[in-house]
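Here the structure comes first, spelled out in structure tokens, and everything after it is commentary.
Positions are given from 1, in the same order as the sequence printed here.
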Amino acid sequence: MSLEPSSGYAAGPRDDSQLPIFDVQKVQLRFDISADFVTAQVANNVLILALSTGRILRFDLDNAEDIDDIDLPKRPAEIGVIRRLFLDPSASHLIISTTLGENFYLHSQSRQPKALAGLKGVQIESIAWNPSQPTASTREILVGAADGNVYETYIEPTTEFYRRQEKFVRNVYNAQDGAVVGMYADVLSSRPETRRVMLATAHKLLHFLGRTGRQGNEVSGSIYAKLFEGETPAVYEVERTGGPAPSSLVVSPDAPDSPPSTLDSQGVERTYAWLISQGIFYGQLITSAADPAVLGRQLFRESRLLPPAKLPPVQTSGGRSRTQQPPINSIILTQHHVLALVEGRLTGINRLDESVVYNQQVLDPGTSALGLFADHQKNTYWLFTSTEIFEIVVMDEARDIWRVLLQQGKYEEAQTFAKTAEQKDAVASMTGDHLIALGKYSEAAVVLGKSTKAFEDVALTLMDKGEQDALRKYLLMKLGNLPKKAVMQRMMVASWLVELFMAKLNQLDDTISTKAELTTTQTTVSAAETQKRLPGVRKEYQDFCTRNKSDLDPKTVYEIISSHGREEELLFFANVVGDFNYVVAYWVQRGRWQQAMAVLKKQTDPEMFYRYSSVLMAHVAVDLTEVLMRQPDLDAKKLIPALLNYNKVSEGSVSLNQNQAVRYLLFCVNHANSKEPAVHNTLISLYAAHPSKEESALLGYLQTQADLHQQHYDADFALRLCRGHRRVQSCVHIYCAMGRYAEAVELALKYDDDAEDGADVGKGWGRYVELAADVADRPGNDEALRKKLWLKVAKKVIGQSKGIKSAIEFLKRCESLRIEDLIPFFPDFVVIDDFKEEICAALEDYSRRIEELKREMDESASTAQHIKDDIKALDQRYAIVEPGERCWKCRLPLLMRQFFVFPCQHAFHADCLGEMVMQSVGMGKEKRIRELRSEIGRGVAMGKRREGMVRELDGLVAGACVLCSEMAVRMIDEPFVTTGEDKGEWTV
């Protein structure tokens, strides 16, 4: 890089708050320059140095190697030494002015300065660049001369030799007060024809504001002529005292990180400073006023003068302060300070309170300074002498601005400059105190809520003032700023807020009701306004509960809201925190069953249904049953107490078809397929205990269970209930389901009530006798039991009957009963004529059976004779064995040794057959075959004993063919191909 800072310019991490705001650092050049500097300019990171030899050096501070060495078209002896440089903020246009009045123009893309013929002989002192900052041309600019004239020109670079650089040059104004030491032009609105021009001489500061002419409207092309001719400037003039002193007009740079200035972005207010012999006159370049016509006067009225006496005294070489303050040589403006150079001493002054923030001797005594220069776009600041370059480094310039603004009571502005948490807190605290003093409690609550000012001080202050609304806002802000880990503090603040919300809501309700009663003394408008505020406060409370429900203790909040009697808010909070138990309990306690059901319908927690089912079943049974039937996760067993309680309350007043307990249990059994015995037992108990004598529903349920071949109820329990409530048919059914037919028949006959019911009509019998007869037929294949049961029925029937004939007719339904079985049940003095026909029929039946037995005996004797004949024929049966026939096991010729031949024509050697038999019979027979073979082979047994053993062995071995008999069936799981056989033999 061409410009290299000296050692100490670049440092490591440091705390900028402990360092001075300004630090002057000498810039070391990498090459020697033989001539002295005569003037310089800096803009947009481009540094221009003019040498006494007429050379111009142009440095690009972003590119270390980019250096342009430019010479003027003529030697200094012909045109004079360069006296002033004017560089626009974009660094695109450079105007060079010499001591002999020669002026040249150099574009940033060119290295050949072109003479400005139209400005020949003009000693340029200042230039007001076009506010739009064009880069291709300068557009309309104002040039201030040493003789007080102001020229307007338009410079457009060209490469044509005979063409002038300036399109026109026109004298548009004369200050008539010496040299024009400074000018500035800007746009006050989006309308480009409305502009402001600040013009400064050594003793006057003029402010022009008005419409400019449109380009091309005049022959000359001037736009400022109309402004200077038609507008009267606002003038600020100072006394002409003392000798000549340096004078200039400077403007503050662009805001950091802001886009380049354009016509549409001139709304940002800058600061100007006018250096005069009396000091520094500075103020805001305000862009708006109540009356635009007096904008200039207002600008001057709001500006102030910083006299040289306020600057630190300059020390003499002996260390003493001078009696007379020397004049200020040069000034520039930073974002918030004024930098003044006085005889080599650089002083930084805060523009807000005129405090000195920097005062350092930076130049050696006797050193001549070219002045202070500012890069308005890059916010860099420079000090040039004839031989040296210094950069004024700014470090966190705005660090103390917030404090100054705070001391001046500019609280809103101070908040924008506070950066750290400590600064923001200090600003918030003082701002809040100020707002409280002004009576703006709501605004103060918002600000103080962000500060760390003692909580109790703020809260007590607002309470003493009776500002409950402001206190509520303050607590909301504090709650939002409290960390999540501060659980106790958050809970206390949140609970307090609930109390304030309830008090506010009650106050509004009381106000509305009071105003409704006192319409003669209170206006209707205020009542309407209060009515409108109520929904807003309620909505604010609801949002607070929703947002901070985790910080609220439900029990505490319930007590607070209940103490104020706010039912709607109480239920809203319970719903927000999901405490539906509380909501249901609230409605239940007040007997508002439909509201309770409305909440319960939306729940899925089984515990809630278990808890409130008892009381709700007693009052809204139908609705509750509908809800229960839609809950798939309920344990019906836990609802049994509620169902039994409902049944007890509604017993006798509700039929079984309308009984909701029965309805729900049937749903559990039929649709939910409940197998819980308690559910089934409860259903049976409700059926059995119902006052109605009809037991078809109970019997239908029991039959359904039997049809499904499932019995989920306790039979003993059901039996006790049915007997206790005289449910005879159901008892009989249960006995039958248990296989206890005898008890079923006895029970049916025991409760026979034909005499009472008059059911014995014609040939009909009592319902329980019929039931007993039906049960007696159920054993089916067990004829003995069936006959036994029918005998019980017969005894009952014969005992009840007034006619033996009808009784016998009834008993004919069982074909197992004989007349002789019934005779013991007949009365002692019965007349035989009543059952003579039955006796005759029985005797005839016996005769037929005897004849059938004789015929069967004759057939058996004939069959036995045929069998004897067949046995004799077996002794003479034979089989033909062919000479080449082989054993079916070993495949050797059959006649080689003893063999067996079976009727199926299978033939085996005796030993082969024995092995095959032993493989297929059990271990007992196998052992017996081996024993017989051993004894016969040793010849131990002789005579008849041997013959008997041989017959036994033949019977065991040759009793049946091993390939055709049952033995072959038992060998079905053996493989066709054994381990020792060749699988290839089975290949097809």
Which residues share a side chain to side chain donor-acceptor pair (under 3.5 Å) with D71, sequence neighbours left out: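 If we apply the side chain to side chain donor-acceptor pair (under 3.5 Å) test to D71, skipping adjacent residues, there are no hits.
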Partner residues of T334 under the side chain to side chain donor-acceptor pair (under 3.5 Å) criterion, sequence neighbours left out: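 T334 satisfies side chain to side chain donor-acceptor pair (under 3.5 Å) with E397 only.
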Pairwise side-chain contact, [X] with [Y], heavy-atom cut-off 4.5 Å (strictly under):
X	Y	answer
L383	L346	no
T387	D36	yes
I392	V362	no
F228	L142	yes
F86	I96	no
V143	V150	no

Under the 3.5 angstrom rule, does the side chain of [X] hit a backbone N or O of [Y] as a donor-acceptor pair?
X	Y	answer
T138	I155	yes
K204	L199	no
R270	S252	yes
D375	V42	no
D23	V393	no
N103	K120	no
R345	V342	no
D186	L188	no
E166	T153	no
Q361	G344	yes

Partner residues of F373 under the ring-ring contact (aromatic ring centres under 6.0 Å, His included) criterion, sequence neighbours left out: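 Result, ring-ring contact (aromatic ring centres under 6.0 Å, His included) vs F373: F384.
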All ring-ring contact (aromatic ring centres under 6.0 Å, His included) counterparts of F37, not counting sequence neighbours: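 ring-ring contact (aromatic ring centres under 6.0 Å, His included) check on F37 returns nothing, list empty.
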When you check the side-chain N and O atoms of [X] and [Y], is any donor under 3.5 Å from an acceptor?
X	Y	result
Q284	T271	yes
S90	Q133	no
D353	Q407	no
S303	Y272	yes
Y151	R170	no
S355	N350	no

When the ring planes of F281 and F300 are compared, do they come out parallel, tilted or perpendicular, using 30° and 60° as the limits?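 If you compare the ring of F281 with that of F300, the planes turn out tilted.
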If I compare all heavy atoms of [X] with all of [Y], which pair ends up nearest, and what's the gap?
X	Y	result
L100	E78	CD1-O, 3.7 Å
P233	Y173	CG-OH, 4.5 Å
I286	R196	O-NH1, 2.7 Å
N359	P312	ND2-CB, 3.2 Å
I48	L94	CG2-CD2, 3.9 Å
A340	I328	CB-CG2, 4.0 Å

Atom [atom1] in [X], atom [atom2] in [Y]: separation rounded to 0.5 Å?
X	Y	atom1	atom2	value
S110	I70	OG	CD1	7.5 Å
T212	E152	OG1	CD	9.0 Å
I332	H376	CD1	NE2	8.0 Å
K114	F104	NZ	CZ	12.0 Å

With sequence neighbours left out, which residue pairs that include part of residues 325-356 fulfil the ring pair (Phe, Tyr, Trp, His ring centres under 6.0 Å) condition?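 Every pair satisfying ring pair (Phe, Tyr, Trp, His ring centres under 6.0 Å) with a residue in residues 325-356: F22-H337, H336-F417.
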Mind running side chain to side chain donor-acceptor pair (under 3.5 Å) on D147 and Q123 for me, showing each step along the way? CA-CA 8 Å; D147 58 1; Q123 295 285 342; over 6 Å; no
Does the pair R240 and D177 meet the rule for a salt bridge (Lys or Arg N to Asp or Glu O under 4.0 Å), with working shown? CA-CA 11 Å; R240 292 170 170 77; D177 189 38; 2.3 Å; yes
Going by salt bridge (Lys or Arg N to Asp or Glu O under 4.0 Å), name the pairs with one or both residues in residues 39-57, residues two or more places apart or in two chains.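 Non-adjacent pairs meeting salt bridge (Lys or Arg N to Asp or Glu O under 4.0 Å): R55-D69.
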Compute the centroid of each ring, for Y224 and then for F208, and state whether the two points are separated by less than 6.0 Å.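 No, too far apart.
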Within 45 degrees of the ring normal and closer than 6.0 Å to the centroid, is that where the cationic atom of K167 sits relative to Y154?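 So K167 does make the cation-pi contact.
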Is it true that, when you exclude R111 itself, more than 12 heavy atoms of the residues, nucleotides or ligands shown sit nearer than 6.0 Å to its CZ?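 Yes, because the 6.0 Å sphere around CZ of R111 holds more than 12 heavy atoms from other groups.
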Does atom CD of Q112 have more than 12 heavy-atom neighbours, drawn from other residues, nucleotides or ligands, at distances under 6.0 Å?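 For Q112, atom CD is not crowded (no more than 12 foreign heavy atoms under 6.0 Å).
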Evaluation steps, salt bridge (Lys or Arg N to Asp or Glu O under 4.0 Å), between E125 and R83: CA-CA 10 Å; E125 293 292 335; R83 57 179 288 273; 2.6 Å; yes
